[in-house]
Amino acid sequence: MRTSQFFFTTLKEAPADAEVVSQKLMLRAGLIKRVAAGIYTWMPLGLKVLRKVEAIIREEMNHAGALELLMPAVQPAELWQESGRWTQYGPELLRFKDRHQRDFVIGPTHEEVITDVVRRDVKSYRQLPINLYQIQTKFRDEIRPRFGVMRGREFLMKDAYSFHTSYADLEREYQNMFETYSRIFTRLGLTFRAVAADTGAIGGTGSHEFHVLADSGEDAIAYCPDSDYAANVELAEGVVPEKSRGAATQSLAKVPTPGKTACADVAALLDLPLNRTVKAIAVVNEEESGKRFALLLLRGDHDLNEIKTSKIEGLSPFRFATEAEIVEFLGCKPGYIGPVGVDFGKVRVIADRVVAAMSDFVCGANEEDFHLTGVNFGRDVPEPEVADIRNVLAGDASPDGKGALEICRGIEVGHIFQLRTKYAQALECCYLDEQGKTQVMEMGCYGIGVTRIVGAAIEQGHDERGIIFPAAIAPFEVCIVPMAYAKSDAVKTASDQLYADLKAAGIDVVLDDRNERPGVLFADMELIGVPHRLVVGERGLASGQIEYKGRCDAEAVMVARDQVLTFLREKLCCVPAC
RNA sequence: CGGAGUGUAGCUCAGCCCGGUAGAGCACUGCGUUCGGGACGCAGGGGCCGGAGGUUCGAAUCCUCUCACUCCGACCA
């Protein structure tokens with residue numbers, strides 16, 4: 001490709017509303033253009049990157065035995081009504097009516113359609129297992145699209161669905177996909193980690209997320225550097241402290257804490273560490289059967305994990321209590337509430353595992369402007385229910401007992417689920433087994449956010465000059481930057497020849513033949529993230545040499561003209577650009 | 001959905017308080033000089049100042065409504 005023949009649109013300044021680095025750089029490099037909130041056009045340069053990502057995914061999926069198909073983006077409401085998600089899914093599901101007033105959706109995912117496909121054509125155990133995938137545009141009407149292609153509304157996704165005659169076979173394929181995903185992200189040149197995940201709204205049991213590690217990631221990941229344990233913080237288990245609860249050494253005392261509603265303020269006032277305090281969070285479970293009020297106890301420096309909490313029996317769904325409800329049940333304004341003196345018959349008290357092991361702690365007195373010190377379970381307050389309801393923190397013991405947890409941030413680029421029979425059951429996706437008996441299929445589903453990968457790659461690889469793409473997905477592998485292409489015949493001839501040679505060698509090369517000053521050429525090639533650069537100038541040509549510089553190299557090196565191809569080949573296949 | 005903010009040239013922004021026929025830098029076009037790290041000169045093109053209504057002799061500027069976008073929160077995954 002010659003830049004003069006390409007649609008090349010770089011910007012010196014990023015649009016003011018771009019928030020994250022990848023978004024700014026993608027807009028500056030002209031990879032994408034914003035069309036509406038969370039909706040982008042992929043320009044030719046960006047599409048080259050996207051297609052390279054797709055190609056790697058497609059190759060590895062095919063290699064893993066999956067079969068590609070293409071389902072419609074537009075889906076009839078009937079299928080969603082049949083699975084029950086027509087009502088379960090919120091406004092995130094984009095619905096519309098056609099000219100006959102029939103309801104349709106623009107698919108945010110394709111479980112319904114694929115299950116329909118399979119139930120129509122798969123009748124026998126002999127046709128199973130099967131793994132079908134597509135690379136397709138999805139639409140999720142996010143409340144707040146942001147971060148460019150990282151959380152867009154329209155995005156490209158690879159989604160695969162597998163069907164099995166047994167859970168054991170589903171587990172086998174799940175493992176197959178786990179390994180396939182690891183190969184895909186490795187080939188893409190990304191630093192990633194597979195983490196145990198919550199199964200969320202899609203439902204099912206086993207689930208792993210694949211995260212590209214980056215500080216700007218939206219998800220917090222707890223991992224153990226000393227083992228392979230890694231889990232989304234939403235799911236990471238807070239383990240029971242090894243030490244059992246200490247004996248009570250203090251007597252219960254009421255202390256004035258006017259205006260101190262936060263644990264940190266109370267701790268500071270009493271000159272105690274924050275981890276001696278206990279905060280109480282009032283929640284309400286409201287269903288047709290009535291309203292139930294509960295008090296959740298957490299150590300002052302811990303945060304509530306709503307996902308874990310919502311899994312407590314009888315508490316789901318829960319919401320935070322209103323001030324009026326708190327006054328109604330505890331007779332006290334929020335900020336000073338605690339478990340002491342509450343009627344355990346009316347209020348359910350659930351302590352985090354860590355709190356349950358505390359003694360002589362500080363908590364609200366259920367009286368405005370007062371807290372209690374020296375509080376002990378069993379003596380001052382009945383033993384509460386105990387559950388794991390907090391977010392783990394860095395330094396916590398790893399649940400596998402092999403060291404301490406660290407927390408890092410990640411961008412979720414892949415997610416694999418064992419759906420089991422959730423959709424197959426709802427949509428009656430069945431087959432006949434060896435005995436001729438009707439059985440429901442076991443299902444797995446496996447997604448990769450294709451567009452998000454491009455953003456994630458840039459979050460992971462960039463510097464002040466622009467994008468540093470992994471070689472596997474860079475828009476071009478090599479650029480040739482001629483010094484005065486329009487002026488010097490020697491440079492022009494040598495550049496054209498080099499370009500032809502590299503192209504003939506199957507290298508994805510771009511020749512920047514624009515009649516611009518060198519600074520412009522250098523800056524643009526660096527901005528768009530081309531990993532390898534060859535500079536052709538009269539200076540080097542005089543001694544039969546071409547200058548080479550990797551995108552991250554500090555210094556350029558001179559390479560003999562007739563050695564360039566060999567030199568480059570080695571760089572391209574063996575050495576990462578950075 | 002609640003709170004805050006922003007809409008002026010393709011991009012970044014000034015002008016708005018204090019009404020008087022629309023500006024800068026970058027980008028773009030032409031000519032010339034320049035040419036190994038985002039050059040310079042001269043000459044140009046480009047805007048219904050988000051939209052509608054109102055106040056006024058006169059509105060980018062003041063008022064009302066509306067739309068879009070952004071941020072924080074809630075929600076969702």
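Chain naming here is simple, since letters A, B, ... match the order of the sequence lines and numbering starts at 1 in each. Keep in mind it's a predicted model, so treat the numbers as computed, not measured.
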[N] versus [M] - spacing of their [atom1] atoms, nearest Å:
N	M	atom1	result
G25(B)	G58(B)	C1'	31 Å
G15(B)	G20(B)	P	14 Å
C13(B)	C31(B)	C1'	30 Å
C16(B)	A60(B)	C1'	7 Å
C62(B)	C49(B)	C1'	15 Å
C40(B)	A59(B)	P	40 Å
A52(B)	C48(B)	C1'	13 Å
G38(B)	C76(B)	C1'	43 Å

Residues that Ala77(A) engages under side-chain contact (heavy atoms from CB on, under 4.5 Å), provided they are two or more places apart: Gln81(A), Trp86(A), Asp103(A)
Contacts of Asp496(A) that satisfy side-chain contact (heavy atoms from CB on, under 4.5 Å) - sequence neighbours left out: Arg2(A), Tyr485(A), Lys492(A), Leu511(A)
Check ion pair Glu111(A)-Arg85(A) (N to O, under 4.0 angstrom): yes
Under-4.0 Å salt bridge between Asp301(A) and Lys279(A): no
Rounded to the Å, how far apart are [X] [atom1] and [N] [atom2]?
X	N	atom1	atom2	value
Phe155(A)	A77(B)	CZ	P	14 Å
Ile307(A)	C75(B)	CD1	C1'	13 Å
Glu555(A)	G36(B)	CD	C1'	14 Å
Lys33(A)	A27(B)	NZ	C1'	11 Å
Glu547(A)	G36(B)	CD	C1'	8 Å
Met43(A)	G10(B)	CE	P	16 Å
Lys138(A)	C76(B)	NZ	C1'	18 Å
Arg514(A)	A27(B)	CZ	P	12 Å

Exceeds 12 heavy-atom contacts within 6.0 angstrom, atom NZ of Lys333(A): no
Look through every strand shown and name the nucleotide pairing with [N] as Watson-Crick or G-U wobble, where both distances are under 3.5 Å.
N	answer
A59(B)	none
G38(B)	none
C69(B)	G5(B)
G19(B)	none
G46(B)	none
U64(B)	A52(B)

If you check every side-chain atom of [X], which of [options] has the closest atom?
X	options	answer
Asp219(A)	C69(B), A77(B), G25(B)	A77(B)
Pro15(A)	C72(B), C13(B), C11(B)	C11(B)
Glu13(A)	C11(B), G36(B), C69(B)	C11(B)

Any residue meeting side chain to side chain donor-acceptor pair (under 3.5 Å) with Glu412(A), in chain and number order, not counting sequence neighbours: His415(A)
By side chain to side chain donor-acceptor pair (under 3.5 Å) - contacts of Lys138(A) (at least two apart): His110(A), Asp159(A)
Parallel, tilted or perpendicular: rings of Phe192(A) and Phe185(A) (30°, 60°): tilted
Arg34(A) vs G10(B): side-chain N/O to OP1/OP2 distance below 4.0 Å: no
Within the 4.0 Å heavy-atom criterion, would you say [X] contacts the bases, only the backbone, or no part of the nucleic acid?
X	result
Arg539(A)	base
Gly537(A)	base
Val535(A)	base
Glu412(A)	nothing
Ala486(A)	nothing

Under 3.5 Å donor-acceptor pair, Glu234(A) side-chain atoms to A77(B) base atoms: yes
Sub-4.5 Å side-chain heavy-atom contact between Glu154(A) and Tyr40(A): no
Which atom pairs link the protein and nucleotides 1-7 of chain B when you take only N or O atoms and keep those under 3.5 Å?
none

Whichever of Asn515(A) and Glu142(A) has its nearest RNA chain B nucleotide further upstream toward 5': Asn515(A)
First of Met483(A) and Phe147(A) reached from the 5' end of RNA chain B, by closest nucleotide: Met483(A)
Which residues share a ring pair (Phe, Tyr, Trp, His ring centres under 6.0 Å) with Tyr89(A), sequence neighbours left out: Trp80(A)
Reading 5' to 3' through nucleotides 37-43 of chain B, protein heavy-atom contacts under 4.0 Å coded B for base, S for sugar-phosphate only, - for none: BBB----
Residues in salt bridge (Lys or Arg N to Asp or Glu O under 4.0 Å) contact with Arg517(A), at least two apart in sequence or another chain: none
Under 3.5 Å, side-chain donor or acceptor atoms of residues 518-525 of chain A against the rest of the protein: list the pairs with distances, not counting sequence neighbours.
{"unit_1": "Asp524(A)", "atom_1": "OD1", "unit_2": "Thr10(A)", "atom_2": "OG1", "d": "3.0"}
{"unit_1": "Asp524(A)", "atom_1": "OD2", "unit_2": "Arg514(A)", "atom_2": "NH1", "d": "3.1"}
{"unit_1": "Asp524(A)", "atom_1": "OD2", "unit_2": "Arg514(A)", "atom_2": "NH2", "d": "3.1"}

